[in-house]
Amino acid sequence: MFSEKLQNAVKSAKQIAVLTGAGISAESGVPTFRGENGLWRKYRPEELANFDAFINNPKLVWEWYCYRRELISRVKPNPGHYALVEMESIFPQFTLITQNVDNLHQLAGSRNLLELHGNIWRSRCVDCSTILTDEDVVKKDALQYCECGGLIRPDVVWFGECLPSGILERAAAASARCDVFLCIGTSALVQPAASLPLYGKRSGAFTIEINTESTVITELVDESIIGKSGDILPQLVKMTKEIRKNQG
Ligand code: OAD
């Protein structure tokens, strides 16, 4: 399954950068954004995941997040998430960059993690920007208000918004200095995350895509592996361990 070039790349790699998208959580039961199960009450995510939608109809958007939190609270990390935890212990430097807000990488035990799009279990005041991690806030179906009177929103990145300060810079730096870049379970359609594999490629990293189907970056990466991340990643980790053990 893994080409000789890929094996050579992981054999000598010191720095790894990984970008994950909704596909890695699909086997846990979290619907992807653009897949068949990605719709909620016939809305496309783009229609709900933006500030204007929240201001125009905060109740609707808050309900969508309540639905997603309820769904996510019932799922567990899958072998793909755990394989990345193991991978972190193999390489001297390992940076996991995720577009997911579902917290499953943290639950699995990943440590050096950059959350590009925030986290669904955190909230934030739209007026004073106070971050709230209190579970009571996210458990309530009704709209919440801050002490300052501002409306409480999920602390996630919506379309048209900037990424959390410093996170993109750290993700771009890790992508540009890595020896191997892995792009897993993302359609690579949403910027700026979609550019990260290209930073890796441009800097000479060996780039690998793992996805159940071809994407816009399939032609650009050095190796595309079509399959489920929950199947492929544990095999990749097994092969990597063997090959690095044999080299002493
Ligand atoms: P998408 O829903 O756009 O893409 C999910 C990708 O995962 C697709 O390319 C699928 O083929 C692939 N996939 C599905 N199951 C898989 C599996 N078991 N193993 C491997 N791959 C699998 O989700 P993202 O690319 O994450 O942003 O979407 C990017 C961003 O768009 C999200 O973070 C979100 C969304 O709007 C914001 O909310 C800002």
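For reference, positions follow the sequence shown, starting with 1. Note that ligands are numbered from 1 as they come in the structure, with each ligand's atoms numbered from 1 the same way.
- Nearest protein neighbour of atom 16 (C) of ligand 1, counting heavy atoms only, is Gly23 O, 3.5 Å.
- Below 4.0 Å from some heavy atom of Val157 lie the following atoms of ligand 1, by number and element: 37 (C), 38 (O), 39 (C).
- If you check which protein heavy atom lies closest to atom 30 (C) of ligand 1, you get Val190 CG2, 3.7 Å.
- At least one N or O atom of Phe33 sits closer than 3.5 Å to an N or O atom of ligand 1.
- Annotation: the span from Ile72 atom CD1 to Asp102 atom CG amounts to 5.0 Å, rounded to 0.5 Å.
- The single protein non-hydrogen atom nearest to atom 33 (O) of ligand 1 is His117 ND1, 2.8 Å, given as residue, atom name and distance.
- Each of the atoms 18 (N), 19 (N) of ligand 1 lies under 4.0 Å from some heavy atom of Lys228.
- For atom 19 (N) of ligand 1, the nearest non-hydrogen atom of the protein is Ser229 N, 3.0 Å.
- In Gln191, the CD atom is crowded: over 12 heavy atoms of neighbouring residues, nucleotides or ligands sit closer than 6.0 Å.
- One finds the CG atom of Asn57 at 9.0 Å from the CG atom of Leu48 (value rounded to the nearest 0.5 Å).
- Using a 4.0 Å cut-off between heavy atoms, Ala22 contacts ligand 1 through both its backbone and its side chain.
- Of the listed residues (Leu236, Leu233, Ile232, Asn211), just one forms a side chain to side chain contact (heavy atoms under 4.5 Å, CB included) with Ile225, and that residue is Ile232.
- On a distance-only criterion, Ser187 and ligand 1 share at least one N/O pair closer than 3.5 Å.
- Atom CE of Met239 and atom NZ of Lys241 lie 13.0 Å apart (nearest 0.5 Å).
- Between Gln99 and ligand 1, a contact under 3.5 Å exists for at least one N or O pair.
- Counting atoms of ligand 1 from 1 in the listed order, those under 4.0 Å from a heavy atom of Glu213 are 11 (O).
- Considering backbone and side-chain atoms together, Arg34 places an N or O closer than 3.5 Å to an N or O of ligand 1.
- Considering backbone and side-chain atoms together, Thr212 places an N or O closer than 3.5 Å to an N or O of ligand 1.
- Taking every heavy atom of Gly21 and a limit of under 4.0 angstrom, the matching atoms of ligand 1 come to 26 (O).
- In this structure, Ser123 OG and Arg153 CZ are separated by 10.0 Å, a value rounded to the nearest 0.5 Å.
- Counting heavy atoms from C-beta outward, Tyr65 and Arg69 have side chains that approach closer than 4.5 Å.
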Only distances under 3.5 Å count here; give the side-chain donor-acceptor pairs of residues 5-22 to other protein atoms, sequence neighbours excluded, each with its distance to 0.1 Å.
{"from": "Gln7", "atom 1": "NE2", "to": "Phe2", "atom 2": "O", "distance (Å)": "3.0"}
{"from": "Asn8", "atom 1": "ND2", "to": "Glu4", "atom 2": "O", "distance (Å)": "3.4"}
{"from": "Ser12", "atom 1": "OG", "to": "Asn8", "atom 2": "O", "distance (Å)": "3.3"}
{"from": "Gln15", "atom 1": "OE1", "to": "Arg177", "atom 2": "NE", "distance (Å)": "3.0"}
{"from": "Thr20", "atom 1": "OG1", "to": "Thr98", "atom 2": "OG1", "distance (Å)": "2.7"}
{"from": "Thr20", "atom 1": "OG1", "to": "His105", "atom 2": "NE2", "distance (Å)": "2.9"}

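- When each atom of ligand 1 is checked for a heavy atom of Ala26 under 4.0 Å away, the hits are 15 (N).
- In summary, of the residues considered (Val138, Leu132, Asp127, Leu143), a side chain to side chain contact (heavy atoms under 4.5 Å, CB included) with Ile152 occurs for Leu132 alone.
- Of the N or O atoms in Gly185, one or more lie within a sub-3.5 Å distance of an N or O in ligand 1.
- Thr186 OG1, 2.7 Å is the protein heavy atom nearest to atom 25 (O) of ligand 1.
- Between atom OG of residue Ser25 and atom NE2 of residue His81 there is a gap of 3.5 Å, rounded to the nearest 0.5 Å.
- Considering CG of Leu60 and OH of Tyr43, their distance stands at 4.5 Å, rounded to 0.5 Å.
- Counting heavy-atom neighbours within 6.0 Å of Lys201 NZ, excluding the residue itself, gives a total above 12.
- Taking every heavy atom of Glu27 and a limit of under 4.0 angstrom, the matching atoms of ligand 1 come to 17 (C), 18 (N), 19 (N).
- Under the 3.5 Å distance criterion, with hydrogens and angles disregarded, no donor-acceptor pair is assigned to the side chains of Glu223 and Thr207.
- In this structure, Leu189 does not count as a contact residue of ligand 1, since none of its heavy atoms falls inside 4.0 Å of the ligand.
- Each of the atoms 36 (O) of ligand 1 lies under 4.0 Å from some heavy atom of Phe159.
- The nearest non-hydrogen atom to atom 12 (C) of ligand 1, considering only Val216, Asn78, Asn211, Asp231, comes from Asn211.
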